2 protein chains.
Amino acid sequence: MASSIHDLARHLNISIGTVSRALNGRADVNAETRQRVLEAARKLNYSPNQSGRSLRQGATRSIAFMLQPHPGDQQYGEPFFIPFLIGLQARLAEHDLDLMVVMGEPGQYQQERLRRVVETRRADAVVLANTRREDDRIDYLSKAGFPFATLGRSQSGGDTYPSLDIDFERAGDEAVDRLVARGHRRIAAIRPSLDLNFGYLFLDGYRKALKRHGIEVDPGLIADGFINEAGGYQVTPRVMLSKDRPTAIIFNNDAMALGGCKALAEMGIRPGHDIAVIVIVDTPLCRYFSPALTAFRPSLEPMGRRLAEMLLASLPAHAGPEGTRIMREIWPLELIARESD
Amino acid sequence: MASSIHDLARHLNISIGTVSRALNGRADVNAETRQRVLEAARKLNYSPNQSGRSLRQGATRSIAFMLQPHPGDQQYGEPFFIPFLIGLQARLAEHDLDLMVVMGEPGQYQQERLRRVVETRRADAVVLANTRREDDRIDYLSKAGFPFATLGRSQSGGDTYPSLDIDFERAGDEAVDRLVARGHRRIAAIRPSLDLNFGYLFLDGYRKALKRHGIEVDPGLIADGFINEAGGYQVTPRVMLSKDRPTAIIFNNDAMALGGCKALAEMGIRPGHDIAVIVIVDTPLCRYFSPALTAFRPSLEPMGRRLAEMLLASLPAHAGPEGTRIMREIWPLELIARESD
DNA sequence: CGTTTTTCCGTAAACGTTTACGAGAACACA
DNA sequence: TGTGTTCTCGTAAACGTTTACGGAAAAACG
């Protein structure tokens, strides 16, 4: 069915070695024979078998993206990751690399699936998302010497891998800034309860800005919840029952914000009127919610592209002249002012 | 670094053939030696190299999912496909199959990328989405004899491949039914302008129901637009300017519905009060929009699982006792009544 | 014309598996 | 004891590439 390099060789009465060299653009092949090989390849509709190539070269030309859902998250952080994936895939495709997507049951740690990818050598590198503060996937990969990059920072693994993250700290800071400028002094912060690193970063920025404005941090205004709608719904009242009610809430996650607004509505509190609401990572849901939620938006597609570049630069095969470089980038968010604050 | 089957053989002083047979559970190997092999494999942390395996067996153990975005669609039909992908991936993983996701620039036909996957034998089968009425991807794959399955029906390719689709016809029918029962007689239909098959199916159901209720089909109440928010925004006024204004609109796509509602709002027409709105395929956006949009919802994750099963059953390697079976399933939608109708 | 360099190509090994084939040993049976 | 059967394993080929090596022919050079 499919023609192999042997078919080409036989057809041209030439050795397979020469055919391979001609196809791969090596110098030591006559210009005319190269022409003949290329033509024959076109005529016989030849394309190299990837398995053969992978085996010989020890590289699969595919990158694995691990989507580890948070426990309780049925949607895999859905709207957030897609644009990132699009950018990632686009840049990888330019280098003729394929993208493998590895998911898992929500809540189940994916060490097993990760090991499988690494040990059976199904991919040349891995991209991790949803990084934890302490992330055993990162530990595993660095120990195994397997190339990887992460979307999000972590405290694990040291500075040995490329990573790219959103500036959550700055966003938390700016959100407070904006609210203070509008007269708020009692500002609540609601973030995910898991070990997710961005929750800590957000809170750092939140605290820093409060201090700068001379506002004391009230632990009663900070709450952690499950990183989904139910979590926001459940935890928001706790903050509203604080003895000195907040006049503003910053949500560190869109789903939690939606749940929180539902809780507020049931308490007769209208976001945008009775209370200001800002959410740290914007998704389409924020835009269509009523009232439309003011939110900080990352440039996810460019970020995907960029992380692909960083990963490629760190791969031995693609490394630039300066060899393996570790990069670490933190991207700003853009405030999208809407109706909720 | 990684141990191969040769390492195991050397370590056990045994031939690689025996090792392989032991690992693969063949009958012609002594129980005791099998034990020794398995133990050594665990101790040396052996897992088979997938490239070697693929080459020898002529199967990559991975399935490609082609996400062909509509022209003008920046989001890849985003919220719609993720749950489907989750289901698909879950079932494939149970069979130790990997999922490769192939995207492309919006608007660009993906024949090239598809050819590459097929010709370089990077996957054992392909799953297609966004099927057109006449779909050259389907033509290509059937002609090439490459296994595939589709999410969505098409007129191409005959009955030679497993496919699974939503019952758009029924949904269009039921939507009309519901509206008529609530007193509407002037019901508009807005659907995508592309050759997408579901647009035709939806309209069939719409027409059928109107006829059943003795309502004449008014071409002025049917409009096609770009399958995104801008398309809905642009085309909805056209239908509202019909000389006898509709009192209800059925949108065949969530993004178009959102754009349409924006246009309605600018005309001072309030969905849920001044006009009834129903959208055929529900996404999270419909739920959070204000007013919350009544919509028909598919069971995407189970559908993903099911299509995986159907595809597997059609593969030579996994085919059941009855051999290759072609299946064709059409799944119902569930009406989620909200505030917009 | 002899020697050296360059150009071009064929040979064969290697990547890590799986598997068809056959052979030796053990066993059963008459 | 001779013959046939069953167990178990080793040998080697095969999958489709890429590439190190060497050699023949052609070209360059004196």
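Naming convention: chains lettered A, B, ... in sequence-line order (proteins, then strands); numbering from 1 in each chain. Source: prediction; values computed, not measured.
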Check your understanding: What is the distance from CZ of B:R26 to P of D:dC7, rounded to the nearest Å?
Key -> 17 Å
Check your understanding: At under 4.0 Å between heavy atoms, what does A:G58 touch on the DNA or RNA strands: base, sugar-phosphate, or nothing?
Key -> nothing
Review point. Just to confirm, is there a sub-4.0 Å distance from OP1 or OP2 of C:dC9 to any side-chain nitrogen or oxygen of A:T33?
Key: yes
Check your understanding: Is the backbone N or O of B:Q89 less than 3.5 Å from a side-chain atom of B:R305, with the two atoms forming a donor-acceptor pair by type?
Key -> no
Revision key, fill the gap. From the candidates D:dT17, C:dC9, C:dT17, the one with an atom nearest any side-chain atom of A:I5 is D:dT17
Check your understanding: Hey, what bend do you get for the helix from C:dC1-D:dG30 to C:dA30-D:dT1 if you fit axes on five pairs at each end, rounded to 10°?
Key -> 50°
Practice item. Rounded off to whole Å, could you give me the CG-to-C1' distance for the B:D7 and C:dT17 pair? Key: 13 Å
Check your understanding: Between the side chains of B:N197 and B:S154, is a donor N or O closer than 3.5 angstrom to an acceptor N or O?
Key -> no
Study note, to complete from the structure: Comparing nearest nucleotides in DNA chain D, the 5'-proximal residue of the pair B:T18, A:S4 is B:T18
Review point. Expressed in angstrom and rounded to an integer, what is the separation of B:N49 atom CG from C:dT17 atom P?
Key: 5 Å
Exercise for review: Heavy atoms only: give me the nearest B:I16-B:A9 pair and the separation to one decimal.
Suggested key: CG2-CB, 3.6 Å
Check your understanding: Is B:R53 near enough to C:dT18 that one of its side-chain N or O atoms lies under 4.0 angstrom from OP1 or OP2?
Key -> yes
Review point. Can A:S54 and A:S51 be counted as having a side-chain donor-acceptor contact under 3.5 angstrom?
Key: no
Practice item. Hey, which sits more toward the 5' end of DNA chain C by its nearest nucleotide, A:R34 or A:I16? Key: A:R34
**Study point:** Phosphate OP1/OP2 of D:dT17 contacted by A:S54 side-chain N/O (<4.0 Å)
**Key:** no
**Study point:** Side-chain donor-acceptor contact under 3.5 Å, A:R122 with B:Q50
**Key:** yes
Exercise for review: Specify the separation, in whole Å, of atom CG of B:L12 and atom P of D:dT8.
Suggested key: 17 Å
Check your understanding: Can you tell me if the side-chain N/O atoms of A:N30 get under 4.0 Å from OP1 or OP2 in C:dC9?
Key -> no
Point to revise | Any donor-acceptor N/O pair under 3.5 Å between D:dG16 base and B:R121 side chain | key: no
Practice item. Look at the side chain of A:N24 and decide which nucleotide, out of C:dT17, D:dT18, D:dC15, has an atom nearest to it. Key: D:dT18
Practice item. Answer yes or no: side-chain N or O of B:R21 and base N or O of D:dG10 forming a donor-acceptor pair under 3.5 Å. Key: yes
Exercise for review: Kindly say if A:S20 contacts the phosphate of D:dT18, meaning a side-chain N or O under 4.0 Å from OP1 or OP2.
Suggested key: yes
Review point. Between the side-chain atoms of A:R56 and the base atoms of D:dT17, is any donor-acceptor pair under 3.5 Å?
Key: no
Review point. Can you tell me how far C1' of D:dT6 sits from CG of B:D28, to the nearest Å?
Key: 12 Å
Exercise for review: Kindly indicate whether the side chain of B:L114, heavy atoms from C-beta on, has any atom under 4.5 Å from the side chain of B:Q111.
Suggested key: yes
Point to revise | Atom-pair distance (CD on B:Q57; P on D:dA13), nearest Å | key: 21 Å
Exercise for review: Begin with the C-alpha distance, continue with both residues' side-chain angles, and end with the deciding distance and a verdict on salt bridge (Lys or Arg N to Asp or Glu O under 4.0 Å) for B:E94 and B:R91.
Suggested key: CA-CA 5 Å; B:E94 288 172 12; B:R91 186 66 89 227; 3.1 Å; yes
Check your understanding: To the nearest angstrom, how far is A:Q35 atom CD from C:dC8 atom P?
Key -> 14 Å
Practice item. Write down the distance between CG (B:N13) and P (D:dG10), rounded to a whole number of angstrom. Key: 9 Å
Review point. Does NZ or CZ of A:R328 lie under 6.0 Å from the centre of the six-membered ring of A:Y161, at an angle within 45° of the ring axis?
Key: yes
Check your understanding: Any side-chain N or O of A:S15 less than 4.0 Å from the OP1 or OP2 oxygen of C:dC9?
Key -> no
Review point. Within the structure shown, what part of the strands sits under 4.0 Å from B:S47 by heavy-atom distance: base, sugar-phosphate, or nothing?
Key: sugar-phosphate
